[in-house]
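Here's the structure we're looking at; comments come further down.
These values consider heavy atoms only, across backbone and side chains, with no hydrogens, waters or symmetry-generated copies. Naming convention: chains lettered A, B, ... in sequence-line order (proteins, then strands); numbering from 1 in each chain.
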2 protein chains.
Amino acid sequence: MSDPGELEPVTRESTAAIIANQLRSAIMYGSLAPGDQLTETGLAAQLGVSRGPLREAMQRLVQEGLLRSETHRGLFVIDLDAADVRDIYHARLAVERSACLLIMQGNRGEALVALTAALDRLVQAAESRDRVAMSDADQAFHQTLVQLSGNTRLQRMAETLLVETRMCLTVMQESYPEPAELVEEHRVLVDAIADGDEQRLLRLIEEHMLSTVDQITDSGPAARAG
Amino acid sequence: MSDPGELEPVTRESTAAIIANQLRSAIMYGSLAPGDQLTETGLAAQLGVSRGPLREAMQRLVQEGLLRSETHRGLFVIDLDAADVRDIYHARLAVERSACLLIMQGNRGEALVALTAALDRLVQAAESRDRVAMSDADQAFHQTLVQLSGNTRLQRMAETLLVETRMCLTVMQESYPEPAELVEEHRVLVDAIADGDEQRLLRLIEEHMLSTVDQITDSGPAARAG
DNA sequence: GGCCCGTCGATTGTCGACAATCTATCGTCC
DNA sequence: GGACGATAGATTGTCGACAATCGACGGGCC
């Protein structure tokens with residue numbers, strides 16, 4: 001990608017983009033919890049910027065669907081019910097299934113290298129038994145998967161969906177899989193890619209997503225989200 | 001949905017949302033062409049608002065990916081190359097395929113009614129041989145399809161993707177199908193839903209998207225986009 | 001003639017202030 | 001006692017002005 005000493009055009013992010021990333025991260029890790037109001041003056045002071053750029057950043061998240069806007073009342077972090085969780089995983093399936101197809105038809109070798117590395121980090125996180133680290137590695141794996149498709153639209157969609165997935169997890173930690181199970185679910189995906197078995201890969205990714213949906217809709221723990 | 005006389009909570013859209021819709025529409029119909037700069041003072045005067053709300057609206061479109069931001073230089077409408085067109089149709093396939101699955105597993109009857117109506121409007125547009133009307137009806141059909149899935153995330157994705165699709169079409173009108181062909185491609189989709197033939201529906205939607213990709217990548221007319 | 005540098009106009013980025021609206025509390029009337 | 005109406009505080013929505021940066025033009029130097 002970028003050799004050391006190589007001269008690349010400097011790409012400065014706009015302030016709104018930086019703030020949006022911070023907010024997204026805060027929502028993802030739960031420091032901005034579902035239902036919370038984002039008071040402009042408070043956040044602006046906290047971030048050391050004026051209300052202008054902050055409002056621009058918040059509009060980005062509204063467009064993403066992470067915030068909901070009520071006129072003359074304020075902006076709130078969305079709260080997820082069972083229907084949202086189901087929608088999120090169905091949408092993730094759509095995106096990641098498509099990414100899998102593109103990977104199998106594209107540079108499978110490169111994908112295998114990157115995903116094997118991502119799997120290794122997931123294994124390390126599982127050994128540490130740190131839930132946050134596991135979640136981070138889990139998310140990174142899927143983000144890598146979609147990145148490898150080379151489709152920027154799918155990547156943009158996945159970014160938002162993975163944040164929302166993370167929001168689900170903070171609410172219902174009990175249903176997050178055991179470390180060994182988590183690693184295994186991802187290992188079989190990498191194996192299928194290694195074997196070049198497209199049918200198996202698609203079946204596995206569908207199971208990977210839909211099993212979570214079934215788990216949720218059966219026990220229905222997301223109702224506690226509100 | 002909303003019975004007449006039914007009391008619903010009033011939902012006023014924020015100014016940023018209204019402006020964003022206007023801009024999206026302008027981009028869709030080509031009055032803001034790919035590569036064009038959106039000068040803030042000019043647009044603000046044209047829309048009768050201050051620069052503040054306008055900037056908020058533009059940040060929404062940046063997040064959507066319809067505008068690209070260059071720091072201290074301005075915001076520009078994205079221009080699409082052949083790779084973009086391919087990405088857009090692959091992403092649309094992911095979204096609409098998923099929508100098809102959800103429709104088949106959900107309320108197929110309601111879907112059949114709505115899509116038959118959408119098909120009728122497409123037929124009418126085809127008879128008028130008005131390209132813009134045909135495009136409108138085409139877009140409305142696919143938007144309805146995704147709406148019927150009931151998945152708001154898929155709907156949000158589809159909205160942006162359909163605008164981008166429209167941007168492609170204004171660039172390469174020659175490859176837009178003939179009226180009869182356009183109607184037929186959509187009629188077979190409705191028929192498959194009517195017959196409850198999921199496999200056929202999925203095969204048809206895949207063909208519907210991928211045939212366009214092949215058409216583009218062969219002739220490569222999108223290169224003229226820049 | 002070609003290159004470099006400084007200046008100018010224009011546009012974006014940021015900020016503080018004012019107006020409009022909402023929620024909550026308190027007082028009043030029936 | 002309960003409901004209605006007014007007031008106060010806080011928050012959002014909007015705007016105009018100032019600072020920072022960029023691209024283009026023109027003058028000067030080698």
Next item on the list: Using a heavy-atom cut-off of under 4.0 Å over every strand shown, decide if A/G74 touches base, sugar-phosphate, or nothing.
Entry: sugar-phosphate
Item checked: OP1 or OP2 of C/dG13 under 4.0 Å from side-chain N/O of A/S14 -> no
Original post:
Using a cut-off of less than 4.0 Å, is there contact between a side-chain N or O of B/R51 and OP1 or OP2 of D/dC15?
Top reply: no
Residues pairing under salt bridge (charged side-chain N to carboxylate O under 4.0 Å, His left out) where one sits in residues 15-28 of chain A, two or more places apart or in two chains, turn out to be A/R24-A/E64, A/R24-A/E159
For [X], give me all partners under side chain to side chain donor-acceptor pair (under 3.5 Å), at least two apart in sequence or on another chain.
{"X": "B/D84", "value": "A/R153"}
{"X": "B/E185", "value": "B/H208"}
{"X": "B/T165", "value": "B/R92"}
{"X": "B/D87", "value": "none"}

Sorted by chain and number, sequence neighbours left out, side-chain contact (heavy atoms from CB on, under 4.5 Å) with B/N107 holds for B/E110
side-chain contact (heavy atoms from CB on, under 4.5 Å) filter on B/Q46, not counting sequence neighbours, yields B/L43
Less than 3.5 Å apart, which donor and acceptor atoms pair up between the side chains of residues 47-61 of chain A and the rest of the protein, not counting sequence neighbours?
residue: A/R51; atom: NE; partner: A/E40; partner atom: OE1; Å: 2.9
residue: A/R51; atom: NH2; partner: A/E40; partner atom: OE1; Å: 2.8
residue: A/R55; atom: NE; partner: B/E56; partner atom: OE2; Å: 2.7
residue: A/R55; atom: NH1; partner: A/E40; partner atom: OE1; Å: 3.4
residue: A/R55; atom: NH1; partner: A/E40; partner atom: OE2; Å: 2.7
residue: A/R55; atom: NH2; partner: B/E56; partner atom: OE1; Å: 3.4
residue: A/R55; atom: NH2; partner: B/E56; partner atom: OE2; Å: 3.3
residue: A/E56; atom: OE1; partner: B/R55; partner atom: NH2; Å: 3.4
residue: A/E56; atom: OE2; partner: B/R55; partner atom: NE; Å: 2.7
residue: A/E56; atom: OE2; partner: B/R55; partner atom: NH2; Å: 3.3
residue: A/Q59; atom: OE1; partner: B/R60; partner atom: NE; Å: 2.8
residue: A/Q59; atom: OE1; partner: B/R60; partner atom: NH2; Å: 2.9
residue: A/R60; atom: NE; partner: B/Q59; partner atom: OE1; Å: 2.8
residue: A/R60; atom: NH2; partner: B/Q59; partner atom: OE1; Å: 2.9

Side-chain donor-acceptor distances from residues 65-74 of chain B under 3.5 Å, at least two apart:
residue: B/R68; atom: NH1; partner: B/E70; partner atom: OE2; Å: 2.6
residue: B/T71; atom: OG1; partner: A/R12; partner atom: O; Å: 2.9

Note, DNA chain C 5' to 3' with Watson-Crick or G-U pairs under 3.5 Å encoded as ( ), [ ], | and . gives ||||||||||||||||||||||||||||||
**Q.** Ion pair check, A/D138 and A/R131, cut-off under 4.0 Å
**A.** no
Note: contacts of residues 36-43 of chain B with DNA chain C (heavy atom, under 4.0 Å) are B/Q37, B/L38, B/T39, B/E40
Pairs: protein N or O with nucleotides 19-24 of chain C N or O, under 3.5 Å:
residue: C/dC22; atom: OP1; partner: B/R12; partner atom: NH2; Å: 3.0
residue: C/dT23; atom: OP1; partner: A/R73; partner atom: NE; Å: 3.0
residue: C/dT23; atom: OP1; partner: A/R73; partner atom: NH1; Å: 3.2
residue: C/dT23; atom: OP1; partner: A/R73; partner atom: NH2; Å: 3.4

